[in-house]
Amino acid sequence: MVRIRLPAGWTHDGTVSVPAAAILQVAGGMIQSGVNGRLTGTGTVIFESGTGTFSGNLGFGGLQRITGGTWSFSTNYLAVAVEMSGGTL
């Protein structure tokens with residue numbers, strides 16, 4: 001299993017693909033995804049803390065776990081499986 005943690009202040013305007021055996025942790029500080037940003041894949045994304053704005057395309061087929069933070073999705077948002085135990089959408 002591969003686990004990647006995004007640093008505070010991370011911004012992107014490209015494609016991030018999370019494969020089935022991977023975990024992407026989004027935590028701490030401000031995270032921004034521009035209008036050309038894409039989050040795809042079938043792995044797991046964990047939104048832990050901090051704040052984030054996603055303006056691009058989110059068509060994510062894996063588990064999205066929201067445990068803290070404040071997250072804004074101003075885009076078409078497709079979620080197959082969401083677990084929310086904290087945080088704000």
S.K.: Within a strict 4.5 Å, meaning less than it, do heavy atoms of the V26 and I46 side chains meet?
M.R.: no
S.K.: State plainly whether one hydrophobic cluster holds both L89 and F60, where clusters connect Ile, Leu, Val, Met, Phe, Trp and Tyr through side-chain heavy atoms under 4.5 angstrom apart.
M.R.: yes
S.K.: Is E48 salt-bridged to R5, going by a charged N under 4.0 Å from an acidic O?
M.R.: yes
S.K.: Following the transitive rule for hydrophobic clusters with a side-chain heavy-atom cut-off under 4.5 Å over Ile, Leu, Val, Met, Phe, Trp and Tyr, establish whether I31 and V35 coincide in one cluster.
M.R.: no
S.K.: Using 30° and 60° as the class limits, which term best fits the ring planes of F47 and W71: parallel, tilted or perpendicular?
M.R.: tilted
S.K.: First locate atom OG1 of T44, then atom CZ of R3, and finally report the distance between them rounded to the nearest 0.5 Å.
M.R.: 9.0 Å
S.K.: Any side-chain to backbone donor/acceptor pair from D13 onto N36? Under 3.5 Å, distance only.
M.R.: yes
S.K.: Mind listing the closest non-hydrogen atom pair of G41 and S17 along with its distance?
M.R.: CA-OG, 4.2 Å
S.K.: Membership question, hydrophobic clusters at under 4.5 Å side-chain separation (ILVMFWY): are V80 and F54 in the same one?
M.R.: no
S.K.: Do L63 and I23 belong to the same hydrophobic cluster, where Ile, Leu, Val, Met, Phe, Trp and Tyr are linked whenever their side-chain heavy atoms lie under 4.5 Å apart, directly or via other members?
M.R.: no
S.K.: Could you state the interatomic distance from CH2 (W10) to CD (Q32), rounded to the nearest 0.5 Å?
M.R.: 11.0 Å
S.K.: In a check of side-chain contact (heavy atoms from CB on, under 4.5 Å) between T40 and each of V18, T15, N57, which one passes?
M.R.: T15
S.K.: For the atom pair CZ (F73) and CD (Q64), what is the distance rounded to the nearest 0.5 Å?
M.R.: 6.5 Å
